Amino acid sequence: MAEKEVSLEISVLLQHGFRYAISLTHDHHQAEDILQDAWLAVMKAGGPHSKAYLFSAVRSRFLNANKRANLVSIVILDDVEELEDKLLDTEVDFDVNGGVLEIALSQLRDVEREVLFLFAVEGYTAQEIAVLTERPRGTVLSLLHRGRKKIRRFVDQHDAKVML
Amino acid sequence: MRDENLDNAIVEHYHKQTLTPAALVRMEMMAESMSEKLQYEQKTGFWHKRWQQQKNLSIAAMFVIAMLLIPIFWQSGDTLLQRVAREVALNHNKQLESDYVSDSYKYLASVMERLDFLPAASVLLQKNNYQITGARYCSIQGQIAAQIKLVSPVGGVLTLYQTRLNDELAILDNQHYTINNVQVKNWQEDGIFYSLARTIH
């Protein structure tokens, strides 16, 4: 993960941080708030202006902000598949041009979106994501697989509806 | 949808998500002002530390100076009576041998040529019948004086000091002071300042 130590231009770094925050929150306003808090913390600490450092700050603020929600909403692993099915069977009124993927991503859990983003957009390996998110590599791979699967199913479902 | 295509779609989707220009400018300005603030704090932090060090040194130096000056001020804070009494009592307690052994003031006056007055018997002491045993030179407040040893008929050694009367010593006329178990009595007669020291038990 040599890239993470590279000091980036501030505007580029902020855009990376914002996209990461979006992947966690799936909400522009919340992402902006979290990024601003994280950025302030990075500045106060005197840097470094690295992606990994900013991502870590963003992530900890997101977790703190959602601690209460996470504590209340406990999902038992055995029920995950069932929950996924329920989510995907839900009738979603979406505009294809407006972004099927956008809605599909909204159906994912935060952790799944985060892993997909870090893997697909930032190009991190499963091991690097495991380090950053403090999860076992196997869990990361599982989240990646499950996220992709959900999106595929959602898009297929959408395509079928369009054909009809 | 294959994984690769899906990932490309995800990349494309997230690349469309950008921070609003206003937010970007705001955060860049935050970075700029924070950087200036940090630089200022580093700079002022340095000077603050230097100032603290200087302050601590100054306090230590002032303490040392104060410790040195306290005895001086302590002494200078004494009254003239106290200073003279302390000097007289100190010499009395030393009980130094007389340089000129005699029982006559006339003899002492003839041999103690450095004195700027003539030692004389005090009228005030006549009734006590003190016996002179000898004398030596000394000083009172920087002025040359005669330190005369007397023996009381009832026992005990007393020290009589005589020096030329001046304006300063004149104000001590008929004043008493006791210090370190030594009673000091001052008076003046015919241009001579007298000070008698007696150990009290």
Side-chain angles (χ1 to χ4, degrees), chain A residues 9-23 25-29 31-33 35-47 49 54 99-105 108 113 115-123 144-145 147-156 158-159, chain B residues 1-70:
Chain A
E9 192 187 324
I10 286 176
S11 60
V12 176
L13 181 65
L14 286 170
Q15 293 295 5
H16 278 283
F18 179 68
R19 285 171 192 140
Y20 177 54
I22 283 275
S23 79
T25 62
H26 204 70
D27 179 275
H28 271 248
H29 292 296
E32 199 173 297
D33 288 348
L35 176 67
Q36 185 163 313
D37 281 354
W39 182 235
L40 192 64
V42 170
M43 289 295 97
K44 278 183 179 170
H49 292 175
L54 180 61
V100 181
L101 189 59
E102 166 78 20
I103 298 167
L105 285 168
L108 302 186
R113 261 200 320 271
V115 168
L116 268 175
F117 169 83
L118 292 172
F119 185 84
V121 181
E122 291 297 334
L144 195 59
H145 173 73
R148 278 172 174 157
K149 188 178 161 189
K150 279 185 188 177
I151 292 174
R152 265 197 303 270
R153 284 177 64 184
F154 190 88
V155 172
D156 289 347
H158 165 258
D159 288 346
Chain B
M1 191 182 243
R2 290 171 53 199
D3 282 353
E4 197 179 327
N5 292 339
L6 177 58
D7 287 355
N8 287 338
I10 291 170
V11 170
E12 197 179 333
H13 168 77
Y14 277 108
H15 277 174
K16 284 179 189 166
Q17 315 295 323
T18 54
L19 201 53
T20 59
L24 190 61
V25 168
R26 191 173 66 242
M27 288 186 214
E28 282 177 335
M29 283 174 70
M30 266 169 60
E32 204 171 314
S33 64
M34 192 61 74
S35 168
E36 284 170 5
K37 192 180 167 190
L38 280 173
Q39 279 179 357
Y40 174 76
E41 280 175 357
Q42 280 171 354
K43 211 180 277 181
T44 53
F46 170 78
W47 286 112
H48 182 71
K49 204 179 265 182
R50 282 290 299 271
W51 160 241
Q52 281 291 347
Q53 286 172 346
Q54 291 290 334
K55 199 171 79 174
N56 291 341
L57 273 174
S58 303
I59 289 169
M62 279 166 65
F63 179 75
V64 170
I65 291 168
M67 292 305 287
L68 291 172
L69 291 180
I70 278 172

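What you see is a predicted model; the values in this text were computed from it and never measured. Every chain is numbered from 1 and lettered A, B, ... according to where its sequence line falls, protein lines coming before strand lines. Excluded from the calculations below are hydrogen atoms, water molecules and symmetry mates; all remaining heavy atoms, backbone and side chain alike, are included.
Separating the CG atom in B:D7 from the CZ atom in A:R148 is a distance of 4.0 Å, to the nearest 0.5 Å. Atom CZ of A:R152 is separated from atom CG of B:N5 by 10.5 Å, given to the nearest 0.5 angstrom. To the nearest 0.5 Å, atoms OG1 (B:T18) and CD1 (A:I22) are separated by 9.5 Å.
Contact annotation for A:L105: only side-chain heavy atoms (C-beta onward) come within less than 4.5 Å of a heavy atom of chain B.
Residue pairs meeting the side-chain hydrogen bond (donor to acceptor under 3.5 Å, both in side chains) criterion with at least one member in residues 21-32 of chain B, sequence neighbours excluded, are A:E32-B:R26, A:Q36-B:R26.
Of all heavy-atom pairs spanning A:A120 and B:V11, the tightest one is O-CG2, 3.1 Å. Of all heavy-atom pairs between B:H13 and A:L101, the closest is CB-CD2, 3.6 Å.
Residues satisfying the side-chain hydrogen bond (donor to acceptor under 3.5 Å, both in side chains) criterion with A:H28, sequence neighbours excluded, are B:Q17.
Considering only heavy atoms from C-beta on, A:I151 comes within 4.5 Å of B:I10 through its side chain.
In terms of non-hydrogen atom pairs under 4.5 Å with chain A, the most contact-rich of B:M30, B:M27, B:E12, B:H15 is B:M27.
Under the 30°/60° scheme for interplanar angles, the aromatic rings of B:Y14 and A:F117 are found to stand perpendicular.
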